[in-house]
Trainee: 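Dropping a structure here in structure tokens format, bear with me for questions.
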Amino acid sequence: MTRAPVPDQRAALCADPVVSALGAAVHVAKGSDPLAPVTVVAPSAYAALFARRALGGGDGPGGRRGVANVNCTTVDKLLRQLGIPVLSARGQRLVPPHVDLEAIRTTALASRRWLADLVGHPRGLAAIRDAVGELRRCPPPALAALRGRRDRVGDLCRLSEEVRAHLHGRGFADTVDLAEAAQNSAQRGALESLGPVLVLDPGVLAPFERSVLDAVVARTATAPVGTEPPVGTGAPGGTGTPGGRPALTEVRACADPDEEVRAAVRDVVASVDAGVPSWAQAVFHPTGPRYARALHQELAAAGVAANGPETRRLDRSVAGTALLGLLELAASDWARDAVMAWLSTAPIVSGPDRRRVPTSRWDALSSEAGVVSGSAQWAERLKNLGGRHPEQAQQADALAAFVAGLVTSAVVPRGTWQAHATWAVALIDRYLDADPALWPAHELAATEQVRGAVLALGELDAVSDRTDHGAFLRAVRTVLEETGLDTSDLPDGGFGDGVFVAPFGRARGLRFESVVLVGMADAVVPGGVGDDALLPEDVRRLDTSGGLRTRAARLDEQRDDVVGAIGAGTARRVATYPRVDPRTGREQVASRWMATLTGIGTRQRPVDSFAAGILSARPPLSVRELELHDSAHWAAEGRDPTRSPLALSSSRLRIGVGAARARLGQDFTRFDGNVGVGLVSPFLAEAPMSATRLETYAKCPRRFLYDRVLQVSKRTLPEEIWQMEPPERGTLVHSILEEYLLERLAGAPRALPRLLAIAETQFSNAEGRGLVGRPLLWRMDKAAIRRDLERFHEEEGDLEPLAAELEFGSGVEGADPAVTVTLESGLEVRFKGKADRVDRARSGELVVSDYKTGRQTMLSALKKDPVAGGRLLQLPIYAMAAQARFGDSGRSVRARYWLLSQRRVAPCFSLAITDEVRARFLTVLTLIAGAVEAGAFPGAPTEKPGDRQFDACRTCDFDTLCPVTRERQWARKSGAPALAPVLALMNAEVPDGLVGAVVDGFGDAAGMEA
Ligand code: SF4
């Protein structure tokens, strides 16, 4: 749908000298008969539409308004109008672009080796297509001269001819055939229906287009009409350049391309406010999607309608993305992350009742099941998950059934392009939930267009004898990437509906009251024009026909486009350029052509930075800018930003501003982890806690808040596991040793073969849960664990096992009561846990062991403090639990960390539990409890207080969650009174007698030597 200017606006358009000249030329061509046919050939479909509207609004002879029987067309359409009847008479039809591309591919595959190699890659195929397209522009003598070369250019010429022959053999004609047919038609005089032909600023044409146009013009005895103001007339609002063309009225240097886009949109909004309708304005940009997308986004945010060459490609539509994703999956091994990424691209439905799949839930479920890839693994691991967690079995079964159905539906058909196209469209229909009630109109249109584009690929059977999935996927991708969304049936977005946004080259033949040209930096306009690897510059220079454009010709074309875009502005002509390239950080200068595009009246004006722009009085482009503008003004007047009218109406903004200010101060606030006294208390009589829970507070209070209170956890995705995660490895080794020890407690002898046999069974279980990582690393891990178990067997010696996994405080059947410690304040702290094993040494001493895997560097801290400042509390607690179970309260007990890995810092860290150790444990426990009760959770690791304190963050899961300024924040706030309990814990002195209480060896009491 297009919008015509309203009558009073038409008047302004018709006053333009170029439009007047066109109207006069049409009336002269019609002579005395107002109904005589006249054809206007415009440089683009936009220009043809513009010409038709301009002529329709003009005044004709005798005061009559409008014209009749004037056909506004383009060179391409004229060629088709003249040539296609001739081709049809020969039994040929013009080859569609996708069929042409496949003909090039199949011919190249059967041609020279380098060509066959190159078309195997999408970019290579596109490069060959472009080269063939350029060679088709050359007249036959020029092509014949190049064909004799014994190099790649000669190969390409021969390929071009072979493609043409291939197409002829299948009933198709290429653009060369069309031009020849059009020329024959023109020479045979089939032009009566055209009437006189007026050519409107055609720009640079291919030689064959030029010759057809020459033939048509010669036979109709008409002449070209320019679209630029007559030389020397100047233009309203500015002066002419030295060449007499309209000059820019203003040049603006902007900070970067984003600021340029905002400046351009701000200019449009200001012009609308000044009374210039949006349809009378245009923004032109360099070729490519970068500026186009940014301009459309900013205009949409500012509520300004825009139109122009469609920047939305079908491959970016929901249907296009979903189809391409599924076609890629069909050729893959069904990796979990790829399947989940595909489910996230579009609303996907499942089953006969077409219910939307719960993507997030299935993502978590498949991750928990440990699925990595492979259709068999999906089935097996989801089934295992259902077995382990019956409450998830139904969802796991549903996901497994969906994936099984998907794998079956996506089996690639063999044979024809038609079969592939039908299959692909059936996949869209089956899985995509295109709901007309919920989807925007452009996505619904895109879905239909994707279906049509894919079905059209069935035509490729005419030029290609067979296909495979790779070729089909490439063809689908190319056609969707190269096809813009057709908006002609949509309610808005047609030419005339809002601001025209287009590359410089599309300005030819158009007129606007105001134009803005963005991207006018020298690095972009003209930018670097590199050499072409397939048709190099020296070859192009040999061609004098104009078919192959030299670098100089391309630069001239680009300059003409820029001049044409400036000339399209009748009153305001503004150019902007970025001073910095944000990708490289390099400074940029204005285009080298700028000097010839400006005149003495051109105003030079820098554009403020974004911050300055927000503070200025310029019209805000969006609600967000308006909010920033108001808030910045409020703060600039020295008032509290949290009390601004805007902040008072938005609690989120108020809290956000408050948080930012609080974090900058010296007080320890709620935004720094000051939760409030007694609000977080883990000391509940009915819910004993683990030792590691309090250890976490001692490592870093904020870590405790995130991990143990808010229960934030990092999810490790199965496909990211290259090697078994250390916690999983620890759990696996613990399971093996627990099973082995339970058998021994039941009377089985001490036996290494049995220990290793148990390990193999546990290895299989871990594999079934997807915990083991890549096969090679898993093999290495298994070998290392076997070695660790052999060493464990040696070190175990003749200890007499009393218990395996001695459980206390958990409340489960058979577990012992919690270990209760009463602090001086009267607070009772109850602990739960599981001691890995309890033994009786030859000396009769009770020995409690906690297995540790990995290197365990942090355990070395025990040598200075038996509880490592609260970071290692397990040994005294486990000792108390063992004493309670075995009635040894009056006898000595030893607790130890037994390190199992070959990489360990020591074989064992062993501690005799004495009254001094108990007192130290109680002191530290009191300090931790006091800090937790005080509600203080600052981000401050305690493991290495001092200069390298925050090194501990590198291995913390919350490193990306904590503010990057955490170190500076701690330095600012550590003197705050509310942090006193935390500092007391950090600075608590270790009594001299306890240094060295922990020894790094088994010791006699355990029956082994260190
Ligand atoms: S990243 Fe550092 S400050 Fe933050 S929770 Fe972890 S250890 Fe504490």
Side-chain angles (χ1 to χ4, degrees), residues 656 659-660 662-676 679-682 689-717 720 725-727 730 852 854-862 864-865 867-874 924-925 927-988:
R663 286 183 181 141
L664 287 172
Q666 294 189 335
D667 290 341
F668 179 53
T669 71
R670 64 186 178 124
F671 298 109
D672 307 304
N674 191 352
V675 172
L679 286 179
V680 172
S681 179
M689 77 182 102
S690 65
T692 50
R693 191 167 182 194
L694 283 192
E695 287 174 357
T696 306
Y697 186 93
K699 284 174 187 162
C700 174
R702 181 174 291 157
R703 199 160 160 178
F704 176 88
L705 183 69
Y706 286 161
D707 185 9
R708 302 292 171 153
V709 180
L710 302 177
Q711 301 194 335
V712 179
S713 61
K714 182 179 167 190
R715 197 171 89 194
T716 305
L717 301 175
E720 289 174 355
E725 294 280 301
K852 292 283 182 198
R855 187 166 165 74
Q856 301 294 342
T857 314
M858 64 173 292
L859 295 187
S860 301
L862 288 168
K864 292 184 188 158
D865 178 358
V867 290
R871 298 189 300 278
L872 294 164
L873 297 171
Q874 282 175 314
V924 170
L925 193 57
L927 289 169
I928 294 175
V932 172
E933 287 286 324
F937 302 98
T942 62
E943 195 169 336
K944 283 176 185 154
D947 287 348
R948 302 186 58 197
Q949 182 173 6
F950 286 84
D951 285 359
C953 298
R954 287 197 212 138
T955 53
C956 175
D957 283 349
F958 306 112
D959 191 25
T960 51
L961 195 61
C962 276
V964 285
T965 54
R966 68 194 81 148
E967 205 164 340
R968 270 178 279 151
Q969 279 182 14
W970 175 245
R972 267 198 309 272
K973 294 168 186 285
S974 54
L979 284 171
V982 179
L983 291 172
L985 172 65
M986 282 184 177
N987 299 327

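Just follow the structure's listing: the first ligand is 1, and inside any ligand the first atom is 1. Computation of the quantities below employed the complete heavy-atom set of this structure, encompassing side-chain atoms and omitting hydrogens, waters and symmetry-equivalent molecules.
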Trainee: Is there side-chain contact between Tyr706 and Asp957, with heavy atoms separated by less than 4.5 Å?
Mentor: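 With C-beta onward as the side chain, the pair stays apart.
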Trainee: Does Gln666 use its side chain to pair, donor to acceptor, with the backbone of Arg972 at less than 3.5 Å?
Mentor: no
Trainee: With heavy atoms of Gly939 as the reference, note each atom of ligand 1 found under 4.0 Å away.
Mentor: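 Those qualifying, in numeric order: 3 (S).
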Trainee: Is the shortest heavy-atom distance from the side chain of Pro941 to the side chain of Arg966 under 4.5 Å?
Mentor: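 Answer no - side chains too far apart.
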Trainee: Quick check on Ala952 - does any of its heavy atoms sit under 4.0 Å from an atom of ligand 1?
Mentor: no
Trainee: Decide, counting backbone as well as side-chain atoms, whether Cys956 has an N, O or S atom less than 2.8 Å from atom 8 (Fe) of ligand 1.
Mentor: no
Trainee: May I ask you to identify, for Lys699, whether its side chain, its backbone, both or neither come under 4.0 Å of ligand 1 on a heavy-atom basis?
Mentor: neither
Trainee: Tell me: protein heavy atom nearest atom 1 (S) of ligand 1, and distance?
Mentor: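 The answer is Arg966 NH1, 3.4 Å.
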Trainee: Numbering the atoms of ligand 1 from 1, which are under 4.0 Å from a heavy atom of Arg703?
Mentor: 5 (S)
Trainee: Do any N/O/S atoms of Cys700 come under 2.8 Å of atom 2 (Fe) of ligand 1?
Mentor: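 Cys700 does not place any N, O or S atom closer than 2.8 Å to atom 2 (Fe) of ligand 1.
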Trainee: To the closest 0.5 Å, what do you measure between CG (Leu694) and CD (Gln874)?
Mentor: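 Separation between the atoms: 11.5 Å.
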Trainee: So, does Asp672 use its side chain to make a donor-acceptor pair with the main chain of Thr669 at under 3.5 Å?
Mentor: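 Such a contact is found between Asp672 side chain and Thr669 backbone.
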Trainee: With atoms numbered from 1 as shown, which atoms in ligand 1 lie under 4.0 angstrom from a non-hydrogen atom of Asp959?
Mentor: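 With Asp959 as reference, the close atoms of ligand 1 come out as 1 (S).
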Trainee: With a heavy-atom distance limit of 4.0 Å, tell me whether Cys953 approaches ligand 1 through its side chain, its backbone, both, or neither.
Mentor: both
Trainee: Does Arg703 offer a backbone N or O that forms a donor-acceptor pair with the side chain of Asp707 under 3.5 Å?
Mentor: no
Trainee: Atoms of ligand 1 less than 4.0 Å from Cys962 heavy atoms?
Mentor: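 Contacts of ligand 1 toward Cys962, numbered from 1: 1 (S), 3 (S), 4 (Fe), 5 (S).
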Trainee: So, the side chain of Ser690 versus the backbone of Arg693: is there a donor-acceptor pair under 3.5 Å, distance only?
Mentor: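 It does hold such a pair.
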